[in-house]
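Letters A, B, ... are given to chains in the order of the sequence lines, protein chains preceding strands, and every chain is numbered from 1.
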Amino acid sequence: MREEQTKTTTERLIFHVDVNSAFLSWESVRRIQEGLPDLRDIPACIGGDPTKRTGIVVAKSIPAKKCGVQTGEPVAMALRKCPNMVIVPSDFDLYVRCSRAFKKICASYTPVMESFSIDEVFLDMTGTSLLYPDPIAAAHEIKDRIYEELGFTVNIGISTNKLLAKMASDFEKPNKVHTLFPEEIPEKMWPLPVRELLFLGKASEKKLIKAGIRTIGDLAHAREADIQTLIGKKNGHQLYQYARGIDDSPVKAQPDEAKGFSAETTFNEDIISIEQVNPILLAQCDIVAARMRRKKKKCTSVSVTFRTLEFRNRSHQTKLPNATDVTDEIYHCAKQLFRESWKGEPLRLIGIAVTGLTEDDFEQLSLFEDPEKKEKSRKLDAALDAIRQKYGNDKVTRASILNGTQGIARKAKAQMKNDDNIRKNIKH
DNA sequence: CTCGGCATCCTAT
DNA sequence: CTAACGATAGGATGCCGAG
């Protein structure tokens, strides 16, 4: 057996657990509980309103996939391929609950679990051989227990590092366990198209194919220096290592500290006047500033982003003289950045981001700040944060409070609602 | 020259 | 017909001005 041959002090055993069509599966579980048909058996997807330009397919059933429906495509386009497809709006609160239950089961098999996304975890099973002598049997146990207790299927990939485990979990779906041990790489990984390698996206694929590198095996057998010339020094090195199955990154039980927060919104109607812009920026600043306060962080840098009708993106950022978590200060900065960079072209998207996060240890007083004004802003922030605490985080925005008193704020709120499933109006 | 800041691009869920 | 289509996050890269 391979245990005997390859057992060394450094050999690891890593599982990657991936919920099959997560959002759709989770919706299906709820619907079955309500006596409704199983979305997984019919052409169905989780997606936005097809009449809106923000409406895209977020998750699809296998029958919908057979119709040619692809994740990320506009719902309107998917409907042309698959006219009888059922479209279900997303319910992020449900997904968070399902995700927690899923991760709780996974975590019971090892103390070293990394939450990779809402529906994926890595498990470091190294050293669990006394409890689970057969890794494949252990994976089946995890998979089957999730299905029995929670009603949805997962794929599990098994190998000696995260990359290979993740590649393995992406093999045949659903409800499957696959291995991709190093000795299986030539047979199972090298024949795949380069695009299937983790972190090898569309742009790199295009360059590699142009150079005649089509499969992961082609990449693994190329000269590293050539790859670096094609797709960059660092990326070239990393993807070359990946193609050979090399990945030493640890399973991180503790998530990294957030490096920044952002909020962006695509609108159904073009943004053409600064009167439309400001309430949007305020709402977005409010969201990211509230997040900073909740995480006890302050930012030292603010940036605004926008997208024209031709999908040209522009961004503009600046450093702050002092770290802050005050909504009004970020808003003031964002307004100025926007004014400086917008030439007045119609826009379909506006967003802001804060970066350069620091611990919000102590009050840094600037000589140029007005302490009374700052105190007022803080009190307003605190009042809204208290309401958020009561009604649920992210469910209260300044725009929703302003609803009815200001036409533009109402409009901004209506537009924001359509693409943020977490945020809901405080009323009704 | 190097370094930090900035704009843009790439990739993932 | 094309590409991107969506929100959020993180990283890489190339340019530019300051020292």
Subject >> A/Thr265 vs C/dA7: side-chain N/O to OP1/OP2 distance below 4.0 Å >> reply: no
Subject >> From A/Ile14 atom CD1 to A/Thr110 atom OG1, the distance as rounded to the nearest 0.5 Å >> reply: 8.5 Å
**OP:** Between A/Ser262 and A/Pro74, just flag the one whose closest nucleotide in DNA chain C comes earlier from the 5' side.
**Re:** A/Pro74
**OP:** Mind checking A/Gly232 for me? I need base, sugar-phosphate or nothing, with any heavy atom below 4.0 Å counting as a touch.
**Re:** sugar-phosphate
Subject >> Member of A/Arg244, A/His237, A/Gln241 meeting the side chain to side chain donor-acceptor pair (under 3.5 Å) criterion with A/Glu224 >> reply: A/His237
Original post:
Does anything in residues 311-321 of chain A pair up under salt bridge (Lys or Arg N to Asp or Glu O under 4.0 Å), and if so which pairs, sequence neighbours excluded?
Top reply: none
Original post:
Roughly how far, to the nearest 0.5 Å, is the CD atom of A/Glu141 from the CD1 atom of A/Ile146?
Top reply: 11.0 Å
Original post:
Considering residues at least two apart in sequence or located in another chain, which fulfil the ring pair (Phe, Tyr, Trp, His ring centres under 6.0 Å) criterion with A/His178?
Top reply: A/Phe171
**OP:** Assess whether atom NZ of A/Lys335 is packed by more than 12 heavy atoms of other residues, nucleotides or ligands within 6.0 Å.
**Re:** yes
Subject >> Atom C1', compared across B/dT11 and C/dT2: separation rounded to whole Å >> reply: 22 Å
Original post:
In whole Å, what is the span from the CZ atom of A/Phe23 to the P atom of C/dG6?
Top reply: 16 Å
**OP:** Could you run through nucleotides 5-13 of chain B and give me one letter per nucleotide, 5' to 3': B if any protein heavy atom sits under 4.0 Å from the base, S if only the sugar-phosphate is that close, - if neither?
**Re:** SSSB-SSSS
Subject >> Any residue meeting ring pair (Phe, Tyr, Trp, His ring centres under 6.0 Å) with A/Tyr331, in chain and number order, not counting sequence neighbours >> reply: none
Exercise answer: donor-acceptor pairs, residues 57-72 of chain A side-chain atoms, under 3.5 Å, sequence neighbours excluded:
{"unit_1": "A/Lys60", "atom_1": "NZ", "unit_2": "A/Thr71", "atom_2": "OG1", "d": "3.0"}
{"unit_1": "A/Ser61", "atom_1": "OG", "unit_2": "A/Ile42", "atom_2": "O", "d": "2.6"}
{"unit_1": "A/Ser61", "atom_1": "OG", "unit_2": "A/Ala44", "atom_2": "N", "d": "3.1"}
{"unit_1": "A/Ser61", "atom_1": "OG", "unit_2": "A/Ala44", "atom_2": "O", "d": "3.4"}
{"unit_1": "A/Ser61", "atom_1": "OG", "unit_2": "A/Ala64", "atom_2": "N", "d": "3.2"}

Original post:
Under 4.0 Å between a Lys/Arg side-chain N and an Asp/Glu carboxylate O for A/Lys296 and A/Glu359?
Top reply: no
Original post:
So which of residues 212-231 of chain A are in contact with DNA chain C, with a heavy-atom cut-off of under 4.0 Å?
Top reply: none
Original post:
For A/Ile287 and C/dT8, what is the distance between atoms CD1 and P respectively, to the nearest whole Å?
Top reply: 7 Å
Original post:
Roughly how many Å is it from CG in A/Leu349 to C1' in C/dT8, rounded to a whole number?
Top reply: 12 Å
Original post:
Nearest of C/dA4, C/dA12, C/dT8 to any side-chain atom of A/Ala263?
Top reply: C/dT8
Original post:
Taking protein heavy atoms under 4.0 Å as touching, what does nucleotides 14-19 of chain C look like 5' to 3' if B marks base contact, S marks sugar-phosphate-only contact and - marks none?
Top reply: ------
**OP:** Specify the separation, in whole Å, of atom NZ of A/Lys81 and atom P of C/dC5.
**Re:** 16 Å
**OP:** Using whole Å, report how far CE of A/Met77 lies from P of C/dA3.
**Re:** 11 Å
**OP:** Return the set of residues passing ring pair (Phe, Tyr, Trp, His ring centres under 6.0 Å) with A/Tyr242 (not counting sequence neighbours), or none when no residue passes.
**Re:** none
**OP:** May I have the distance from A/Glu310 (atom CD) to C/dA3 (atom C1'), rounded to whole angstrom?
**Re:** 13 Å
Original post:
Which pairs with one or both residues in residues 106-126 of chain A pass salt bridge (Lys or Arg N to Asp or Glu O under 4.0 Å), sequence neighbours excluded?
Top reply: A/Glu114-A/Lys162, A/Glu120-A/Lys166
Subject >> Basic-acidic side-chain contact under 4.0 Å: A/Lys173, A/Asp18 >> reply: no
**OP:** Would you please confirm or rule out a distance under 4.0 Å between OP1 or OP2 of C/dC5 and any side-chain N or O of A/Arg348?
**Re:** no
Subject >> Positions of residues 253-261 of chain A (non-hydrogen atom under 4.0 Å from DNA chain C), listed by number >> reply: A/Ala258, A/Lys259, A/Gly260, A/Phe261
Subject >> Nearest-Å distance once atom C1' is located in both C/dA3 and B/dC9 >> reply: 16 Å
Original post:
Are the charged groups of A/Arg378 and A/Asp325 less than 4.0 angstrom apart, N to O?
Top reply: yes
Subject >> A/Ile274: side-chain contact (heavy atoms from CB on, under 4.5 Å) partners, not counting sequence neighbours >> reply: A/Val277, A/Asn278, A/Phe338, A/Trp342
Distance-only check: which donor-acceptor pairs under 3.5 Å involve side-chain atoms of residues 189-207 of chain A, not counting sequence neighbours?
{"unit_1": "A/Trp190", "atom_1": "NE1", "unit_2": "A/Ala243", "atom_2": "O", "d": "2.8"}
{"unit_1": "A/Arg195", "atom_1": "NH1", "unit_2": "A/Leu200", "atom_2": "O", "d": "3.4"}

Original post:
Within the pair A/Thr266 and C/dG6, is there a side-chain N or O less than 4.0 Å away from OP1 or OP2?
Top reply: yes
**OP:** Take atom CG of A/Leu309 and atom C1' of C/dA3, then tell me their distance rounded to the nearest Å.
**Re:** 14 Å
Original post:
For A/Lys234 and C/dG11, what is the distance between atoms NZ and P respectively, to the nearest whole Å?
Top reply: 10 Å
